[in-house]
Protein chains: 2
Amino acid sequence: MTVPTTGRRERKKAATRQKIADTALRLFLERGYDAVGIRDVAAEADVAVTTLFSHFASKEALVFEQDENFEQRLTQAVTGRGPHEPLIPALRREIQAMVRHCTGDGAAPIYRMIDASRALREYEESMRLRHAESLATALVADPDLPQSETACRTIARFVIDAYALARDAADPDAALDEIFHMIEAAWEVTSPSS
Amino acid sequence: MTVPTTGRRERKKAATRQKIADTALRLFLERGYDAVGIRDVAAEADVAVTTLFSHFASKEALVFEQDENFEQRLTQAVTGRGPHEPLIPALRREIQAMVRHCTGDGAAPIYRMIDASRALREYEESMRLRHAESLATALVADPDLPQSETACRTIARFVIDAYALARDAADPDAALDEIFHMIEAAWEVTSPSS
DNA sequence: TTCCAAAACCATAACCGTTAGTGTTACGGT
DNA sequence: ACCGTAACACTAACGGTTATGGTTTTGGAA
């Protein structure tokens with residue numbers, strides 16, 4: 001019965017969440033991630049610490065609030081592609097869009113902050129690992145791909161590597177070209193499993 | 001000039017370190033990693049908490065005490081290979097040895113414990129990232145490899161992926177065969193950079 | 001041999017992210 | 001109008017980690 005977005009309560013909840021995220025990002029950019037404590041964020045957003053943690057699982061999650069849909073976009077690039085559309089170019093397109101989003105001017109200060117904090121870098125990497133795993137699951141489940149499970153899992157990790165490598169490269173577009181050329185070659189030598 | 005392993009002081013320090021590591025591993029295996037606190041380990045090893053942290057950077061580091069030389073072994077597999085020995089098989093041999101070490105009977109309880117703890121799994125992954133970076137540095141610096149920097153960095157990550165994937169696979173040896181076949185293909189399509 | 005600087009170690013207390021326990025308020029459905 | 005519960009609050013704690021400041025041990029020089 002698809003609850004029809006009931007109303008005030010959910011709006012208030014979303015507002016609280018947004019207020020926390022906005023406050024956190026502002027403070028982090030002003031004073032630096034490590035120099036701002038959870039208690040600072042909670043006080044400034046005028047909520048209790050426990051409330052903050054009921055909206056966000058960890059301090060790091062405050063920073064990656066929006067990027068949580070990367071996971072969906074990747075799996076959709078697999079499941080939602082045309083009937084006979086080849087896999088690798090579809091993944092390549094999606095990764096390229098993600099890289100461009102991160103290296104764009106709007107997100108630049110945020111990613112500078114991430115690079116400056118060890119905790120944030122490690123969190124991002126473990127996020128990527130989750131993405132790789134869900135991508136792997138999608139690949140293994142795809143009936144159009146006769147490759148072995150190992151081959152699918154491998155390609156999933158390679159694709160996530162491409163994102164990480166391109167983001168750090170001097171010329172992200174050129175790096176992505178080169179890396180996906182390698183991925184394509186790796187994919188082509190795989191053989192059907194059964 | 002190159003202090004010749006001075007003597008008692010260093011021996012005592014090493015003994016303290018070993019005692020801490022042994023005690024920690026014993027307690028972790030007995031009661032479970034998450035059920036043992038740093039203060040427990042310190043008390044049982046009869047040292048102060050601050051002393052423990054002067055030997056180990058974190059609680060997780062207590063578990064991976066010995067495996068810190070993985071990094072050296074990988075870079076040595078690159079720098080120490082024969083004059084015209086091809087790169088990928090050399091790396092493959094080293095990764096295979098590492099995987100066999102981890103999946104061997106002796107290390108089994110430890111790796112079961114690691115898999116059971118989120119904190120340990122994440123720590124191991126960030127360790128691997130470090131390994132990938134130092135391997136990448138070694139590859140970029142090797143004059144026998146005319147490939148581009150991007151290609152070298154990419155292969156470094158792929159090789160570390162191979163380790164992670166094979167370790168989790170049902171049949172590690174077969175998985176390693178398959179993954180390195182893919183890596184070989186990726187490597188062969190790279191072209192000299194300049 | 002005696003003495004010194006540094007290294008190793010210790011005890012205490014605190015900091016910070018995170019969680020448990022226990023209410024209180026405000027909303028939505030009946 | 002009323003009840004169940006979702007959202008929030010407050011306090012206190014837990015556990016990893018670090019700062020502070022002091023004590024012992026050690027290697028080497030005077």
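Numbers restart at 1 for each chain; the letters A, B, ... are given by sequence-line order, proteins then strands.
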S.K.: For the side chain of B:T50 and the base of C:dA11, is some donor closer than 3.5 Å to an acceptor across the two?
M.R.: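 Indeed, a donor on one side and an acceptor on the other fall under 3.5 Å apart.
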S.K.: Does B:V41 reach a base, just sugar-phosphate, or nothing at all? Heavy atoms under 4.0 Å.
M.R.: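 No contact.
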S.K.: Nearest-Å distance, CG (A:L120) to P (C:dG17)?
M.R.: 12 Å
S.K.: If you round to the nearest 0.5 Å, how far is CG of B:D168 from OH of B:Y163?
M.R.: 9.5 Å
S.K.: Scan A:V49 against the nucleic acid and name what it touches under 4.0 Å (heavy atoms): base, sugar-phosphate only, or nothing.
M.R.: base
S.K.: What is the distance, rounded to the nearest whole Å, between atom CZ of A:F53 and atom P of D:dA13?
M.R.: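 After rounding, the gap between these two atoms is 19 Å.
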S.K.: D:dA9 C1' sits how many Å from A:K19 NZ, rounded?
M.R.: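 Computing the A:K19:NZ to D:dA9:C1' distance gives 14 Å.
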S.K.: Which sits closer to the 5' end of DNA chain D, A:K13 or B:V36, going by the nucleotide each is nearest to?
M.R.: A:K13
S.K.: Taking OP1 and OP2 of C:dC10, is either one under 4.0 Å from a side-chain nitrogen or oxygen of B:T51?
M.R.: yes
S.K.: Respond yes when some side-chain nitrogen or oxygen of A:R9 is under 4.0 Å from OP1 or OP2 of D:dA7, and no when none is.
M.R.: no
S.K.: Find the distance B:F28:CZ to D:dG15:P and express it as a whole number of Å.
M.R.: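 Result: 13 Å.
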S.K.: Given C:dG17, is OP1 or OP2 found less than 4.0 Å from the side-chain N or O atoms of A:S58?
M.R.: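 No, no such contact exists.
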S.K.: Tell me: CZ of B:R17 to C1' of C:dA7, nearest whole Å?
M.R.: 17 Å
S.K.: Using a heavy-atom cut-off of 4.0 Å across all strands, would you classify A:D46 as base, sugar-phosphate, or nothing?
M.R.: sugar-phosphate
S.K.: If you compare every side-chain N and O of B:K12 against the phosphate oxygens of C:dA8 (OP1, OP2), does one of them come in below 4.0 Å?
M.R.: no
S.K.: A:I38 has an atom CD1; how far is it from atom P of C:dG17, in whole Å?
M.R.: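 Whole-Å distance recorded here is 6 Å.
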S.K.: How long is the line joining CZ of B:R8 and C1' of D:dG27, in whole Å?
M.R.: 10 Å
S.K.: Mind checking the CG-CD spacing from A:D144 to A:E85? Nearest 0.5 Å is all I need.
M.R.: 11.0 Å
S.K.: Taking atom types as modelled, is there a side-chain donor on A:S148 or B:E178 under 3.5 Å from an acceptor on the other?
M.R.: yes
S.K.: Using a distance-only test with no angle check, is there a side-chain donor-acceptor pair under 3.5 angstrom linking A:Q147 and A:T190?
M.R.: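 A:T190 and A:Q147 do have a side-chain donor-acceptor pair below 3.5 Å.
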S.K.: Using only heavy-atom distances, decide whether a donor-acceptor pair under 3.5 angstrom links the side-chain of B:R11 to the base of D:dT26.
M.R.: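 There is none.
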S.K.: As an exercise, state the distance from CG of B:D173 to CZ of B:R100, rounded to the nearest 0.5 Å.
M.R.: 4.5 Å
S.K.: Any side-chain N or O of B:H55 below 4.0 angstrom from OP1/OP2 of C:dA8?
M.R.: no
S.K.: Let me know the distance between CD of B:E10 and P of C:dA8, rounded to the nearest Å.
M.R.: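 Whole-Å distance recorded here is 8 Å.
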S.K.: Under 4.0 Å between any heavy atoms, over every strand shown, what does A:D34 touch: base, sugar-phosphate, or nothing? Just pick one.
M.R.: nothing
